[in-house]
Amino acid sequence: MSAFPEISKIKYEGPDSKNNLAFRHYNENELVEGKSMREHLNFACAFWHTMRMNGTDPFGSATMYRPWDDGSDSVENAQNRVRVFFEFLEKMSFPFYCFHDRDIAPEGATFKETCANLDAVVKVFKEEQDRTGINLLWGTANLFGNPRFMHGAATSSNADAFAYAAAQVKKALEVTMELGGRGYTFWGGREGYQSFLNTDMKRELDHLAAFMHMAVDYAKEIGFKGQFYFEPKPKEPTKHQYDFDCAACINFLRTYGLADDVKMNIETNHATLAGHTVEHELDYAGSQGFLGSVDANAGDMLLGWDTDQFPTDVYMTTKMMYIIMKYGGFKTGGLNFDAKVRRESFEPIDLFYAHIGGMDAFAKGLKIAAKLRASGELKEMTTNRYASWNSGIGARIEAGKEDFKSLFDYITEKGEIEANISGRQELFENVLNRYMFD
């Protein structure tokens, strides 16, 4: 029996369509720079927000009661959610999905029972994957929700909590591999601290690194070929998250010898909470060779928490795709909609409206970004801004042929620097606008 009997498969109808249950820009087979939109964007749907969010927020109880969900923690109810989920994925033409282990299957009275519950639900995932051809982009483990992780998981002051987290990730890796996942994400929801007075930071960071090395080693042992990702998130829930932003994460990976095995999974709303733009985080990760995957959502500039809204700002999606394409596009990752409908949007049909809007926003952004790249206008303007580095003293500095002594002599003889040229920020913004409005 269909969970969405009134909704047919969402189709592409073009920019002039007035149908709110149709794509206006996402035409999955349309070629952009010789590759289909589907391949460029690698859209994934997040199980946790789509199937498990019920409208609660820090100040209010649930507003969403799904007709297919009996509200119980039974394995049977969890299995039914999977079937509903895949009906949604099919109707939305999603090629991928993502999950947390505890969102897809309930915990049992013991860890052994919990693993058995997970296996029973994963069996249905495999059946649905085989039936539909929809695949797993990446899996992860929820190491933050249960009270056992109140002090963190890999960084907990309780060694048993570390051990439990390790056992949980071992199982999550096995499940991800069983489902053919293209990656696995480390998201340290509580890997941080509230007060330095009761914290041994060095010890906790050492433990986090040891934990990730164990995961990488076990993946190699079982033959898991997927890409590992590290997801930055500042603040919320801890005051000092160790995975604050891309710079902090990449420094950590290099310091502890994990740089060859782990890339970044960058979330828009997390970038905002770190005081960055998402394009900053994408460009930084890409410039350092760590751009892996993206959690596509948006935050509210007037609210100070992780609101996980759907991305509808085409300026933002254009800049994101411009940077992603600049670094060669996704290799194993994609755009995962780690986004949830607002608690006031409580009807099942709102799930469709929300995902259609996000997919269209990125499709439009992809097309504008491709036009910007084809013209080369912004790239040429940027190159001209750095013209002083293309010859003379600039070229010699970049080639490593100068040092402080030689530069002291150079400036002493020159007396003053060459006149600066304008950064022309407003012109750059005008050029972007021209392509946005074309």
Side-chain angles (χ1 to χ4, degrees), residues 196 201-202 205 209 230 232 234 240-260 262-264 266 268 270-292 315-316 318-329 368-436:
F196 85 94
M201 185 189 298
K202 177 64 165 59
L205 287 168
F230 194 12
H240 299 286
Q241 289 280 139
Y242 294 132
D243 47 0
F244 182 84
D245 61 4
C246 282
C249 289
I250 292 170
N251 177 67
F252 171 86
L253 295 174
R254 286 175 171 158
T255 298
Y256 286 98
L258 288 156
D260 291 339
V262 185
K263 295 188 182 299
M264 292 292 101
I266 296 166
T268 306
H270 293 176
T272 303
L273 292 176
H276 303 311
T277 60
V278 66
E279 51 264 33
H280 167 85
E281 289 290 86
L282 290 170
D283 211 1
Y284 186 84
S287 70
Q288 301 299 303
F290 283 84
L291 182 56
Y315 274 95
M316 182 185 77
T318 297
K319 289 183 278 189
M320 290 176 71
M321 293 312 304
Y322 188 77
I323 295 167
I324 290 167
M325 295 164 79
K326 170 184 173 181
Y327 292 109
I368 298 172
K371 289 181 180 179
L372 281 165
R373 284 164 53 81
S375 76
E377 195 168 354
L378 283 180
K379 184 177 181 180
E380 182 180 0
M381 290 166 63
T382 303
T383 299
N384 290 340
R385 184 173 178 234
Y386 292 89
S388 67
W389 292 92
N390 297 333
S391 61
I393 191 66
R396 292 200 302 274
I397 293 172
E398 288 193 340
K401 296 179 179 179
E402 301 287 342
D403 58 24
F404 268 17
K405 290 186 294 183
S406 65
L407 292 174
F408 180 91
D409 293 340
Y410 170 80
I411 288 297
T412 299
E413 180 179 347
K414 193 174 185 67
E416 186 51 78
I417 70 169
E418 297 288 348
N420 279 309
I421 63 171
S422 172
R424 306 205 191 286
Q425 177 180 329
E426 295 77 12
L427 175 60
F428 277 78
E429 292 168 342
N430 292 348
V431 170
L432 174 60
N433 277 347
R434 175 155 37 90
Y435 285 87
M436 295 296 299

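None of the values given here were measured: they were computed from a predicted structure.
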With a sphere of 6.0 Å drawn around CD of E413, does it hold more than 12 non-hydrogen atoms of other residues, nucleotides or ligands? no
Quick check for you: to the nearest 0.5 Å, what is the distance between Q288 atom CD and C249 atom SG? 13.0 Å
Under the side chain to side chain contact (heavy atoms under 4.5 Å, CB included) criterion, do L253 and M264 qualify, and how do the steps go? CA-CA 10 Å; L253 295 174; M264 292 292 101; 3.6 Å; yes
Check step by step if side chain to side chain contact (heavy atoms under 4.5 Å, CB included) holds for T268 and M320. CA-CA 10 Å; T268 306; M320 290 176 71; 3.8 Å; yes
side-chain contact (heavy atoms from CB on, under 4.5 Å) with C246: which of D283, I266, L291? I266
Gap separating the CZ atom of F244 from the NE2 atom of H276, nearest 0.5 angstrom: 5.5 Å
Would the number of heavy atoms belonging to other residues, nucleotides or ligands and lying under 6.0 Å from CG of D260 be above 12? no
Could you name each residue pair satisfying side chain to side chain donor-acceptor pair (under 3.5 Å) that touches residues 379-400, not counting sequence neighbours? R396-E402
Distance alone, cut at 3.5 Å: any donor-acceptor contact between the side chains of S406 and D403? yes
Take R254 and N251 through the test side chain to side chain contact (heavy atoms under 4.5 Å, CB included) and record every step on the way to the result. CA-CA 5 Å; R254 286 175 171 158; N251 177 67; 5.7 Å; no
Polar side chain donor-acceptor pair, T318 to Y435, under 3.5 angstrom: no
What are the two closest heavy atoms between A274 and D245, and how far apart are they? CB-CB, 4.2 Å
To the closest 0.5 Å, what do you measure between CE (M436) and NZ (K319)? 8.5 Å
Could you tell me the separation between the CZ atom of F428 and the CD atom of Q425, rounded to the nearest 0.5 Å? 9.5 Å
Listed by chain and number, what are the ring pair (Phe, Tyr, Trp, His ring centres under 6.0 Å) partners of F290, not counting sequence neighbours? none
Check the orientation of H280 and Y284. Use parallel for under 30°, tilted for 30 to 60°, and perpendicular for over 60°. parallel
Measure the CD-CG distance between E426 and N433 for me, rounded to the nearest 0.5 Å. 12.0 Å
Validation row: I368, K371 side chains within 4.5 angstrom (heavy atoms): no
By salt bridge (charged side-chain N to carboxylate O under 4.0 Å, His left out), D243 pairs with (sequence neighbours left out) none
Please enumerate all residues that pass ring pair (Phe, Tyr, Trp, His ring centres under 6.0 Å) together with Y322, with sequence neighbours excluded. none
Could you label the plane-to-plane angle of the F230 and F252 rings as parallel, tilted or perpendicular, counting under 30° as parallel and over 60° as perpendicular? tilted
Do I397 and L407 have side chains that get closer than 4.5 Å, going by heavy atoms? yes
How would you list, by chain and number, every residue that makes a ring pair (Phe, Tyr, Trp, His ring centres under 6.0 Å) with Y327, sequence neighbours excluded? none
Calculate, to the nearest 0.5 Å, the distance between atoms CG and OG1 belonging to L282 and T277 respectively. 8.5 Å
State which residues pass salt bridge (charged side-chain N to carboxylate O under 4.0 Å, His left out) with K414; sequence neighbours excluded, sorted by chain then number. E418
Between R373 and M325, is any pair of side-chain heavy atoms under 4.5 Å apart? yes
Which is it for Q241 and H270 under the side chain to side chain contact (heavy atoms under 4.5 Å, CB included) test, yes or no, and what are the steps along the way? CA-CA 11 Å; Q241 289 280 139; H270 293 176; over 6 Å; no
